[in-house]
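Residue numbers start at 1 and run along the sequence shown.
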Amino acid sequence: MSSSTSLNLGSFCTSLVNFPTHYSHKSSSFLLHGAQFSPPSPNNNNNNSSTVFKHCSWKLTRPTKRAVAAVDSSDPAEKQETERKKYYFLVANAKFMLDEEEHFQEQMFERRRLYGERNKEPDFWLVIEPKFLDKFPNITKRLKRPAVALVSTNGPWITFMKLRLDRVLQESYEADSLEEALASTPVNLEFEKPETWTAPYPKYEYGWWESFLPPGSQTSRYD
């Protein structure tokens, strides 16, 4: 084909061609808009790599990367499920927990003092006749009633208290709110006063536990 032969691209077409250069870089891609271009003449020794473009406009195109935003396709019900908080508890009959166990009162007040020094909000409560026990028939059938539970969001501490108290049952559950987690059934606590007290330490005062109860809880007095 002679050098005068021209390649007709059409008056309104767009073509993508590789433009060779004498540089060591890779070929660049040019977007051409126009009607015609003529290939170089094989007899032209001035510039072997030149290409003649007539009535064309061009621009350099480069690869582009497009970021795709992550789409949250999770089910609202699943998200709500993940927001349920876990609570850990120990439970025993009220007489043992509040009136007989020697170390329990000491442990509770020591825990409160530690939180106060660290300006930390309490994450432990005492719940008398907790409603969540209905979920644990294997526990309730072993309990004398009324029952008292020590509830916390701190699992390792509950395990520690289990080792200290020993004669208690341990489990965990989930709830959507603190109010639901600590819901209780109103009940009267009636502890008989001992006729004699021979221990070297003073007897627990009735009601020492009231400051650890959730708001709105109700207790009663000694007979």
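Annotation for Val187 and Glu129: closest pair CG1-CG, 3.8 Å, computed over non-hydrogen atoms. Contact between Thr140 and Pro137 at its shortest, heavy atoms only, is OG1-O, 3.1 Å. When all heavy atoms of Ser172 and Tyr88 are compared, the pair lying nearest together is CB-CD2, 3.7 Å. Looking at every heavy atom in both residues, Tyr87 comes nearest to Ala175 through CE1-CB, 4.0 Å. The two residues Asp176 and Glu180 make their nearest non-hydrogen contact at N-OE1, 3.2 Å. Closest approach of Phe191 and Ala94 over heavy atoms only: CZ-O, 3.7 Å.
Between Tyr115 and Glu121 there is no side-chain heavy-atom pair separated by less than 4.5 Å. Proximity of Val148 to Val91: side-chain heavy atoms (C-beta onward) are nowhere separated by under 4.5 Å. In this structure, the side chains of Leu133 and Leu143 come closer than 4.5 Å at one or more pairs of heavy atoms. Residues Met108 and Trp209 have side chains not in contact (no heavy-atom distance under 4.5 Å, counting atoms from C-beta outward). With a 4.5 Å cut-off on side-chain heavy atoms, Leu165 and Lys162 do not count as touching. Side chains of Asn154 and Arg111 form a contact here, defined as non-hydrogen atoms less than 4.5 Å apart. Side-chain contact between Trp208 and Phe104 is present, with at least one heavy-atom pair separated by less than 4.5 Å. Residues Arg113 and Glu110 form a side-chain contact, since some pair of their non-hydrogen atoms from C-beta on lies under 4.5 Å apart.
Here the two rings, on Phe89 and Phe136, have centers that are under 6.0 Å apart. Taking the six-membered ring for Trp and the full ring otherwise, the centers of Trp125 and Phe212 sit at least 6.0 Å from each other.
Around NZ of Lys135, the count of heavy atoms belonging to other residues, nucleotides or ligands within 6.0 Å exceeds 12. Around CD of Glu179, the count of heavy atoms belonging to other residues, nucleotides or ligands within 6.0 Å does not exceed 12. Atom CZ of Arg118 has 12 or fewer neighbouring heavy atoms from other residues, nucleotides or ligands inside a 6.0 Å radius.
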**OP:** Step by step, work out the side-chain contact (heavy atoms from CB on, under 4.5 Å) result for Lys95 and Leu189.
**Re:** CA-CA 9 Å; Lys95 176 68 174 173; Leu189 294 182; over 6 Å; no
Original post:
Please walk me through it: do Arg112 and Ser211 pass side chain to side chain donor-acceptor pair (under 3.5 Å)?
Top reply: CA-CA 10 Å; Arg112 171 182 287 173; Ser211 60; 2.9 Å; yes
**OP:** Just do the side-chain contact (heavy atoms from CB on, under 4.5 Å) check on Thr153 and Lys86 with the steps written out, would you?
**Re:** CA-CA 6 Å; Thr153 56; Lys86 192 166 187 177; over 6 Å; no
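With salt bridges taken as basic N to acidic carboxylate O contacts below 4.0 Å, none links Glu174 and Lys85.
Qualifying side-chain hydrogen bond (donor to acceptor under 3.5 Å, both in side chains) partners for Gln170, counting only residues two or more places apart in sequence or in other chains: Thr159.
Each of Leu182, Val151, Leu126, Ile128 was compared with Pro214 under the side chain to side chain contact (heavy atoms under 4.5 Å, CB included) criterion, and only Leu182 meets it.
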